[in-house]
**Student:** 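The structure follows.
The sequence lines fix the lettering, A, B, ..., with proteins before strands; numbering per chain opens at 1.
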Amino acid sequence: MDISFDKVSYTYQPNTPFEHRALDEVSFRINSGSYVAVIGHTGSGKSTLIQHLNGLLQPTSGEVKVGEYHLKANEKNKQLRKLREQVGVVFQYPEHQLFEETVAKDIAFGPQNFGVPQEEIHRRTREAVKATQIHEDLLERSPFDLSGGQMRRVAISGVLAMNPQVLVLDEPTAGLDPNGQKEIMDMFHRLHKDKQLTTILVTHSMEDALAYADHIVILNQGKVYMESAPLEIFKQQQALEDVQLDVPEVIQFVTKVRDQLGVELEYTGQSIAELAKELTRIVKGDRVYE
Amino acid sequence: MGNTQIEFRNVSFRYQEDMPWVLKDVSFTIYNNEWVAMIGHNGSGKSTIAKLMNGLLFPQEGEILVDGQPVTASTVWDIRRKVGMVFQNPDNQFVGTTVRDDVAFGMENHGMARDLMLERITESLEAVGMNGYERHEPHRLSGGQKQRVAIASVLAVSPQYIILDEATAMLDPKGRKEIMETIREVQSARDLSLITITHDLLEVTQADRVIVMNKGEIWMEGTPRELFAKKEQLIEIGLDTPFVSKLADELKDAGLPLTREPLNHQELLEELWTFHSTR
């Protein structure tokens, strides 16, 4: 689904001493099928932004479009239910929201609320747990008997069982060990491709933004500070440092090689192995003539 | 200095009798004035170790000694004075309505004199770079600032050991940097040992020593350099190696005989420079 923000502002507690403008005339477009990373510090407006995507918040001014659904200030959207059926949000620490007696019931809760027939729910549940790699033997267990990592997968399965077209991920790997992080990120990437989803990833990890996203939006103090393809964004190291953001480690290293060794080297998306070959060629170059 | 260390002697622990062992026959020592990073996959027993160290839990088997004194229900208050702890969630560890009250809370629990408390509040907030925030409300601070106040509260009691249980995990990169700088400064300025429990590999490279947990057992104890030389085995137990180690491995494969396992950018750059300049 195409998504667009057109001069969207959002103010918390307007006309009170606590008034706070969290989004300030934010405009950008996300094309259907793209994978967008939203980056910014705590308080930059990321959470406020994603809550507009499924209508949990309504803009104070401006307009949000998600496919055919429009969210405008002071205008009730009667289609909110439909919108929420199609935009799945995986909130931070989603396992804190588990509540049912069994894993299967927890996964079924969302689709049941939206009146999905029982047989279809079964089918979706099986598909969801397959994607998240939860063993079917666990379906009748209490979600609270599972490990933290498994609980997170159950919570994610519940979102997938809604069959969303847009997937919003708010720091989905926080607190997981490195292996668990990679598994979850690879899984979302697979789903994104297989189901042609539009994916929006909120993250602090420049490494993940570089590895998975095809577009990056950087928020700073409620405004869009930069947006572009990852390699373009990360060329602007100084602009990022100005708002205390880093470039991915591989790019930091390539820059240091160039500056300290005085050689030509550019990061264009090489794998670590490719980079190693290039570096070897560069530093051994002279010896060819020995 | 005598007996200043934390010692785990054949410690086993499980939460309930019919549950599997979370720790199995774990023995190690944390020495005076060192920084030990503890890593391991989720559920490997790291946080349980932290809770055993300051008497939030007690083992079914084996014993834990802090400066030679066994950790038991009757020594726990002495122990907690020596072993401070900072937890993961910055929002779950505040009790005071102002930063100053909050730092005072731990000291009040230990019955310290008012004059000393005032002195310690100033001193410990200075150590974490939060002086001037005495009258601020903790919940209005940023995540990094909250965790720095939490560290100040622990420092105020003047512990010998500080455990940081994934204290940077919920922070953004800015907050994470703040905490790492604070930790380094505090550790170099004071006579104390640090135990950091973490998934952050860059954090691990800065520690003096690493203890790797796997399925409730110690999988390895050594320096960060020794650890990251074991790339394949680390991946097998659900961990990873930092970017520099990965690139160093690939460089070796590509035919560049590096002389040592580099731990950071500078070390690897120096190696590359050596090859580049010798013709």
Side-chain angles (χ1 to χ4, degrees), chain A residues 39-44 46 92-93 145-150 152 171 173-183 203-207 243-246 248-250 252-257 259-263 271-287 289-290, chain B residues 19 39-44 46-47 88-90 142-144 166 169-178 198-202 234-257 264-266 268-279:
Chain A
I39 296 177
H41 285 296
T42 316
S44 61
K46 298 181 309 250
Q92 270 182 48
Y93 298 91
D145 287 346
L146 308 180
S147 74
Q150 285 171 325
R152 172 122 2 144
E171 290 195 58
T173 63
L176 298 181
D177 57 41
N179 204 25
Q181 291 184 14
K182 194 171 179 313
E183 277 175 28
T203 183
H204 287 313
S205 165
M206 297 297 181
E207 322 296 328
V243 291
Q244 287 169 294
L245 292 173
D246 288 326
E249 200 181 351
V250 56
Q252 287 179 31
F253 187 75
V254 165
T255 308
K256 285 183 193 165
V257 170
D259 293 350
Q260 296 189 21
L261 267 61
V263 296
S271 68
I272 294 184
E274 287 162 354
L275 197 61
K277 282 190 193 118
E278 213 171 316
L279 273 171
T280 307
R281 210 162 41 235
I282 288 172
V283 299
K284 279 176 127 182
D286 303 310
R287 296 187 191 175
Y289 303 100
E290 266 175 21
Chain B
M19 302 257 279
I39 62 170
H41 58 89
N42 289 110
S44 61
K46 299 171 308 229
S47 292
Q88 184 182 104
N89 191 336
S142 74
E166 295 194 45
M170 294 178 84
L171 303 180
D172 61 18
K174 198 163 83 184
R176 216 170 265 201
K177 253 184 231 162
E178 279 172 34
T198 184
H199 288 312
D200 187 329
L201 298 169
L202 287 178
L234 275 174
I235 291 167
E236 266 169 40
I237 62 161
L239 298 174
D240 201 359
T241 53
F243 165 75
V244 168
S245 306
K246 284 186 191 139
L247 181 56
D249 273 4
E250 293 289 352
L251 284 167
K252 284 177 209 158
D253 286 353
L256 214 59
N264 52 45
H265 289 188
Q266 211 44 48
L268 183 52
L269 281 164
E270 277 162 22
E271 293 260 352
L272 288 173
W273 176 247
T274 316
F275 285 110
H276 191 52
S277 58
T278 50
R279 343 183 146 200

**Student:** By a 4.5 Å heavy-atom criterion (distance strictly below it), what part of B/K252 contacts chain A: side chain, backbone, both, or neither?
**Tutor:** neither
**Student:** Restricting to non-hydrogen atoms, name the atom on A/P178 and the atom on B/G238 that form the minimum distance, rounded to 0.1 Å.
**Tutor:** CD-O, 4.1 Å
**Student:** Tell me, for A/L176 versus chain B, whether the close heavy atoms (under 4.5 Å) come from the side chain, the backbone, both or neither.
**Tutor:** both
**Student:** Nearest 0.5 angstrom please: A/L275 CG to B/L251 CG, how far?
**Tutor:** 8.0 Å
**Student:** When heavy-atom pairs shorter than 4.5 Å are enumerated against chain A, which of B/E250, B/Q266, B/H41, B/R176 gives the highest number?
**Tutor:** B/E250
**Student:** Can we say A/D246 and B/K177 salt-bridge, meaning some charged N sits less than 4.0 Å from an Asp/Glu carboxylate O?
**Tutor:** yes
**Student:** Using a 4.5 angstrom heavy-atom cutoff, name the option from A/V257, A/N179, A/L245 with the most pairs to chain B.
**Tutor:** A/N179
**Student:** Would you sort out whether A/L279 and B/L247 count as a side chain to side chain contact (heavy atoms under 4.5 Å, CB included), showing the intermediate values?
**Tutor:** CA-CA 10 Å; A/L279 273 171; B/L247 181 56; 4.1 Å; yes
**Student:** Can you sort out the partners of B/L201 under side chain to side chain contact (heavy atoms under 4.5 Å, CB included), two or more places apart, ordered by chain and number?
**Tutor:** B/F228, B/D240, B/P242
**Student:** Got a second to check how far A/K256's NZ is from B/L269's CG, nearest 0.5 Å?
**Tutor:** 7.0 Å
**Student:** Answer with side chain, backbone, both or neither: which region of B/L202 has an atom nearer than 4.5 Å to a non-hydrogen atom of chain A?
**Tutor:** side chain
**Student:** Could you state the interatomic distance from CG (A/D177) to OG1 (B/T198), rounded to the nearest 0.5 Å?
**Tutor:** 11.5 Å
**Student:** Where does A/A174 contact chain B at under 4.5 Å (heavy atoms): side chain, backbone, both or neither?
**Tutor:** neither
**Student:** With respect to chain B, which residue among A/E171, A/Q244, A/H41 yields the maximal number of heavy-atom pairs within a distance under 4.5 Å?
**Tutor:** A/H41
**Student:** Which heavy atom of A/A276 sits nearest a heavy atom of B/A254, and at what distance?
**Tutor:** O-CB, 4.2 Å
**Student:** Looking at every heavy atom in both B/W273 and A/Q260, which two are closest together, and how far apart are they?
**Tutor:** CZ3-O, 4.0 Å
**Student:** Within this structure, what is the NZ-CG distance for the pair A/K277 and B/D253, rounded to the nearest 0.5 Å?
**Tutor:** 9.0 Å
**Student:** Could you pull out the closest heavy-atom pair between A/E249 and B/V244, with the gap in Å?
**Tutor:** OE2-CG2, 4.2 Å
**Student:** For A/F253, give me all partners under ring pair (Phe, Tyr, Trp, His ring centres under 6.0 Å), at least two apart in sequence or on another chain.
**Tutor:** B/F243, B/H265
